[in-house]
Number of protein chains: 2
Amino acid sequence: MNAREILREHIAKTASLTDEQFDYCFEHFEPQSFKKGQVLIAEGDRVDAEYFVISGCLKSFFVNDEIKMYILQFAMPTWWTSDYNALYTKSRASINVDCITDAEVLSLSNASREKLCRDIHQLEYFFRWRTNKGYVATQKRLLSLMNNDAKKRYEELLELYPQLYNLVPKHLIAAYLGVSRETLSRLYNAH
Amino acid sequence: MNAREILREHIAKTASLTDEQFDYCFEHFEPQSFKKGQVLIAEGDRVDAEYFVISGCLKSFFVNDEIKMYILQFAMPTWWTSDYNALYTKSRASINVDCITDAEVLSLSNASREKLCRDIHQLEYFFRWRTNKGYVATQKRLLSLMNNDAKKRYEELLELYPQLYNLVPKHLIAAYLGVSRETLSRLYNAH
DNA sequence: ATTAGAATGTGATCTACATCACCTATCCAC
DNA sequence: GTGGATAGGTGATGTAGATCACATTCTAAT
């Protein structure tokens with residue numbers, strides 16, 4: 001399945017567009033390819049676009065004191081990622097986005113998204129739903145972080161995203177769970 | 001300022017509605033009053049509405065093992081609250097919402113919101129933005145929880161919402177920060 | 001093939017915070 | 001006013017997980 005079809009199917013799950021509407025919509029996306037390790041957004045950048053992942057895996061993360069990294073989100077195919085704070089407030093990036101593996105994305109600029117939302121009501125609906133899902137998921141994660149210990153959170157993560165285990169280095173999983181890589185290592189080696 | 005004006009001004013910050021549009025919109029909200037301690041949403045309930053706070057203070061919270069409480073959000077005037085997961089997926093509530101003080105709210109049913117979004121494009125825009133703000137705020141809180149110790153989080157909270165300090169009992173602030181009430185007590189008594 | 005740098009495992013130690021226990025002050029409801 | 005929640009404070013002790021230190025393996029570039 002090509003990028004166009006992946007996007008089409010993804011949107012169709014939430015909003016119904018006519019062929020003409022989707023054509024018009026798709027014109028606003030720009031396909032981009034990145035190599036493993038390439039940076040899409042660096043802290044301090046002006047942020048102008050969000051990214052819809054076609055293949056590969058990205059991460060969005062925050063680095064504290066130039067030392068510790070906390071992963072906000074792994075972005076797998078059909079997931080969206082960006083610095084949404086910077087994007088919506090037109091401020092500079094406070095988080096980073098880069099590639100864990102080689103990746104293909106569809107880039108959508110802020111201006112294009114707003115234009116599409118204005119022109120096609122169904123797309124505004126789509127983006128409202130998408131954001132709502134992200135909001136709910138983040139709230140769940142917040143609760144899990146307060147309520148569960150590292151082991152429980154690790155098990156939850158693997159249950160939710162089994163692919164991650166083999167795809168993503170363990171120290172990144174630790175950075176997502178909010179524990180040190182040492183602790184994570186001890187956890188799944190059942191100490 | 002009455003409820004109508006408060007809502008009008010709140011929406012106007014994000015979306016521009018004509019007088020007719022706002023009239024139509026406002027018809028879908030139902031004013032409700034609650035006493036301190038009253039429950040708007042209890043775990044297990046069917047959730048059919050979200051609430052826009054006019055006066056007073058609500059909390060949305062999760063109770064683990066019938067013992068420990070974690071507060072997702074304090075809802076002050078002009079804030080929205082509900083169990084958005086249950087509301088959007090039409091599942092039963094996994095969190096609770098009740099009143100910390102006497103409160104007046106405007107209740108908006110899920111059906112009414114969807115109708116309003118369909119009928120008035122600008123409102124769909126409004127709700128998209130509102131959800132986006134919530135998403136970004138929750139991400140920030142997630143980062144703070146992973147990155148900062150309890151003392152730092154406590155200071156951040158007071159800086160962001162100074163009103164809370166006098167309005168809300170300390171043990172609820174602890175439940176928001178994700179620390180025990182004892183630890184919170186020791187923190188601000190500078191041990 | 002060689003080598004430098006990532007990624008990972010594991011012990012020893014330290015620490016922020018939870019938990020338990022108990023005490024005091026305040027606020028209502030009868 | 002009195003008694004029972006509710007809120008808050010503080011000491012003693014326990015523990016999950018951080019941090020430090022170092023060894024091992026894997027990976028990718030030369």
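Residue numbers start from 1 in every chain, and the chains themselves are labelled A, B, ... in the order their sequence lines are given, proteins ahead of strands.
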Can you give each donor-acceptor pair under 3.5 Å made by side-chain atoms of residues 26-33 of chain A, sequence neighbours left out, with the distance rounded to 0.1 Å?
unit_1: A:His28; atom_1: ND1; unit_2: A:Tyr24; atom_2: O; d: 2.8

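- Closest to the side chain of B:Glu182, out of D:dT10, C:dT8, D:dG8, is D:dT10.
- Nucleic acid contact for A:Gly37: none, since no nucleic acid atom lies under 4.0 Å from a heavy atom of the residue.
- Rounded to an integer number of Å, the gap from CG of B:Asn147 to C1' of C:dA16 is 15 Å.
- Closest contact between the side chain of B:Val179 and the listed nucleotides C:dT8, C:dT19, C:dC17 involves C:dC17.
- Listed pair A:Ser180 / D:dT19 fails the phosphate criterion, with no side-chain N or O lying under 4.0 Å from OP1 or OP2.
- The aromatic rings of A:Phe126 and A:His10 sit perpendicular to each other, their planes meeting at more than 60°, with 30° as the lower class boundary.
- For B:Asn189, the listed nucleotide lying nearest its side chain is D:dG9; candidates were D:dG9, C:dT19, C:dA7.
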Checklist entry - B:Trp129 and A:Tyr88: ring-ring contact (aromatic ring centres under 6.0 Å, His included), yes or no, with the steps? => result CA-CA 9 Å; B:Trp129 268 85; A:Tyr88 272 70; 4.8 Å; yes
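- A salt bridge links A:Glu50 with A:Arg130: at least one charged nitrogen is closer than 4.0 Å to a carboxylate oxygen.
- Distance, A:Asp149 CG to D:dA18 C1': 15 Å, rounded to whole Å.
- Applying side-chain contact (heavy atoms from CB on, under 4.5 Å) to A:Leu58 and the options A:Ile41, A:Val105, A:Ile100 leaves one that passes, A:Val105.
- Ranking C:dA7, D:dA7, C:dG9 by closeness to the B:His171 side chain, first place goes to D:dA7.
- Nearest-nucleotide mapping onto DNA chain C: of A:Val168 and B:Arg181, the residue sitting toward the 5' end is A:Val168.
- Note on ring orientation: taking the six-membered ring where Trp is involved, the planes of A:Phe52 and A:Trp80 are tilted (angle from 30° to 60°).
- Phosphate contact (OP1/OP2 of C:dT8, side-chain N/O of A:Ser185, threshold under 4.0 Å): absent.
- Contact annotation: B:Tyr188 reaches the phosphate of D:dG9 (side-chain N/O to OP1 or OP2, under 4.0 Å).
- Phosphate contact (OP1/OP2 of D:dT19, side-chain N/O of A:Lys68, threshold under 4.0 Å): present.
- A salt bridge does not link B:Asp102 to B:Lys36: none of the charged side-chain nitrogens sits closer than 4.0 Å to a carboxylate oxygen.
- For the pair B:Ile67 CD1 and C:dA18 C1', the interatomic distance rounds to 14 Å; values are reported in whole Å.
- When rounded to the nearest whole Å, the span between NZ of A:Lys170 and P of C:dA6 equals 18 Å.
- Distance alone, capped at 3.5 Å, is enough to place a donor-acceptor pair between the A:Thr131 side chain and the A:Phe127 backbone.
- The side chain of B:Lys36 sits closest to C:dC28 out of C:dC28, C:dG9, D:dT10.
- Nearest to the side chain of A:Arg186, among D:dT10, C:dT10, D:dG17, sits C:dT10.
- Across the protein-nucleic acid pair, A:Leu177 atom CG and D:dG17 atom P stand 11 Å apart, rounded to whole Å.
- Summarising the geometry, the separation between CG on B:Leu167 and C1' on D:dA7 is reported as 15 Å, rounded to the nearest angstrom.
- If you measure from atom CG of B:Leu184 to atom P of D:dT10, you get 12 Å, rounded to the nearest angstrom.
- The CG-C1' distance, from B:Asn148 to C:dC17, rounds to 15 Å in whole Å.
- Helix-axis bend for the helix from C:dA1-D:dT30 to C:dC30-D:dG1: the local axis fitted to the five terminal pairs at one end deviates from that at the other end by 50°, rounded to 10°.
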